[in-house]
Amino acid sequence: MTYKDLLANIDKGENLIYLLYGEESYIIEKIIEGIKNNLDTSFKDLNFVQVDEVGSDIDKIIETLESMPFMDTKRIVLLRSPDFFKTGGKGLSKIEEEKILNYIGNPSKSTVLVFAPKELDKRSATFKAIKKNHIIFESKKLTSLEIKRWSNDVLKNHGASMDGQQLDFFLERSGYFYKESPKTLRDVENELIKL
């Protein structure tokens, strides 16, 4: 599934649980932004909940997932903690894991649950439960053709353009394709905007 396919799926509102992970955090943040845009702007702050760390209160998270949205059709809960996707007793306790797996098996129809951990273990029970019936999106570095299209869109949105050779030269010098490069789309976008 591509980034655009995923956004189209989100707009249709057919799925309730998404797992977003991968090396290209810029795309993940854009997807989260797209999901948030489906909320009524007047009540967005009340219907969007972000949890960065589980702590010891899984019951509060489940309660939030099961509560009704305020003056809107959906509530969005974003869980960024990698604890849901750790194995070998490093993440959630068995009881906590069972609670989240029960929720994944029978999610609330009024809540969109988005997992966006910085790291995960594909052997975890949570990963396997999501893979079974929900949507998983791995955000990888863009290919050469994809980044050219994306770069042209960024330039166009800022009233600029580059010919093919100039863009190829820029992308080659950006370091995005270097092996083990920490450069992300956010870095490339910032450089394009500067130009």
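By convention here, the first residue in the shown sequence is residue 1.
- For residues 141-151, the set of pairs meeting the salt bridge (charged side-chain N to carboxylate O under 4.0 Å, His left out) definition, not counting sequence neighbours, comprises Lys148-Asp168.
- When every heavy atom of Asn152 is checked against every heavy atom of Met162, the shortest pair comes out as OD1-O, 4.3 Å.
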Worked verdict on Glu96 versus Ile100 for side chain to side chain contact (heavy atoms under 4.5 Å, CB included):
CA-CA 6 Å; Glu96 291 172 327; Ile100 199 69; over 6 Å; no
Would Thr64 and Arg75 count as a side chain to side chain contact (heavy atoms under 4.5 Å, CB included) if you check the C-alpha gap in whole Å, the side-chain angles of each, and the deciding distance to 0.1 Å?
CA-CA 9 Å; Thr64 302; Arg75 167 184 295 266; 4.1 Å; yes
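- Tyr26 is linked by a ring-ring contact (aromatic ring centres under 6.0 Å, His included) to Trp150, counting only residues two or more places apart in sequence or in another chain.
- Ile95 belongs to no hydrophobic cluster with other residues, because no ILVMFWY side-chain heavy atom falls under 4.5 Å from its own, directly or through intermediates.
- Annotation: side chain to side chain contact (heavy atoms under 4.5 Å, CB included) contacts of Asp153 (sequence neighbours excluded): none.
- Evaluation of the ring-ring contact (aromatic ring centres under 6.0 Å, His included) test over residues 174-195, restricted to residues two or more places apart or in two chains, returns none.
- When every heavy atom of Arg80 is checked against every heavy atom of Gln50, the shortest pair comes out as NE-NE2, 3.3 Å.
- For Lys183, the NZ atom counts as loosely surrounded, since its 6.0 Å shell holds 12 or fewer non-hydrogen atoms of other residues, nucleotides or ligands.
- Looking at residues two or more places apart in sequence or on another chain, you find no side chain to side chain donor-acceptor pair (under 3.5 Å) involving Lys140.
- Legend: residues meeting salt bridge (Lys or Arg N to Asp or Glu O under 4.0 Å) with Lys99, ordered by chain and number and at least two apart, are Asp59.
- Sorted by first and then second residue, the pairs that involve residues 63-122 and meet ring-ring contact (aromatic ring centres under 6.0 Å, His included), not counting sequence neighbours, are Phe43-Phe70, Phe84-Phe115, Phe85-Phe115.
- Among all heavy-atom pairs drawn from Ile31 and Leu6, the shortest one is CD1-CD2, 3.4 Å.
- Using a 4.0 Å cut-off between a side-chain N of Lys or Arg and a carboxylate O of Asp or Glu, Glu191 and Lys194 qualify as a salt bridge.
- Taken to the nearest 0.5 Å, the CG atom of Leu145 stands 11.0 Å off from the CD1 atom of Ile147.
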Going through the checks in order, is the side chain to side chain contact (heavy atoms under 4.5 Å, CB included) test met by Glu189 and Thr184?
CA-CA 9 Å; Glu189 180 182 51; Thr184 67; over 6 Å; no
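- To the nearest 0.5 Å, atoms OG1 (Thr126) and CG (Leu79) are separated by 10.5 Å.
- For the residue pair Pro182 and Asp187, the shortest heavy atom distance occurs at O-OD2, 3.8 Å.
- Scored by the side chain to side chain contact (heavy atoms under 4.5 Å, CB included) test, Ser110 finds Met68, Pro69, Ser108 as partners (sequence neighbours excluded).
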N/O donor to acceptor pairs below 3.5 angstrom from side-chain atoms of residues 130-138, sequence neighbours left out:
from	atom 1	to	atom 2	distance (Å)
His134	NE2	Ile104	O	3.1
Glu138	OE1	Tyr21	OH	3.4

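- Looking at Leu171 and Val188, their side chains come closer than 4.5 Å, going by heavy atoms from C-beta outward.
- Smallest separation of non-hydrogen atoms from Ser81 and Pro117: O-CB, 4.0 Å.
- Atom CD1 of Ile32 and atom CD1 of Ile76 lie 10.0 Å apart (nearest 0.5 Å).
- Every residue meeting the side chain to side chain contact (heavy atoms under 4.5 Å, CB included) condition with Lys86, not counting sequence neighbours, appears here in chain and number order: Pro82, Asp83, Lys90, Glu119.
- Distance check: Leu92 CG to Leu101 CG gives 8.5 Å after rounding to the nearest 0.5 Å.
- Panel note: side chain Ser139, backbone Glu24; a donor-acceptor pair is recorded below 3.5 Å.
- Among residues two or more places apart in sequence or in another chain, the salt bridge (Lys or Arg N to Asp or Glu O under 4.0 Å) test is passed with Arg123 by Asp121.
- Of all non-hydrogen atoms in Met71 and Asp40, the two that sit nearest each other are O-OD2, 4.4 Å.
- Taking CG of Leu192 as the reference point, atom OG of Ser174 lies at 8.5 Å (rounded to 0.5 Å).
- In terms of modelled atom types and a separation under 3.5 Å, the side chain of Asn102 and the main chain of Glu98 share a donor-acceptor contact.
- Side-chain atoms of Lys74 come within 3.5 Å of backbone N or O of Lys109 as a donor-acceptor pair.
- Summarising the geometry, atom OG belonging to Ser151 is positioned 10.5 Å from atom CG belonging to Leu195; distances are rounded to the nearest 0.5 Å.
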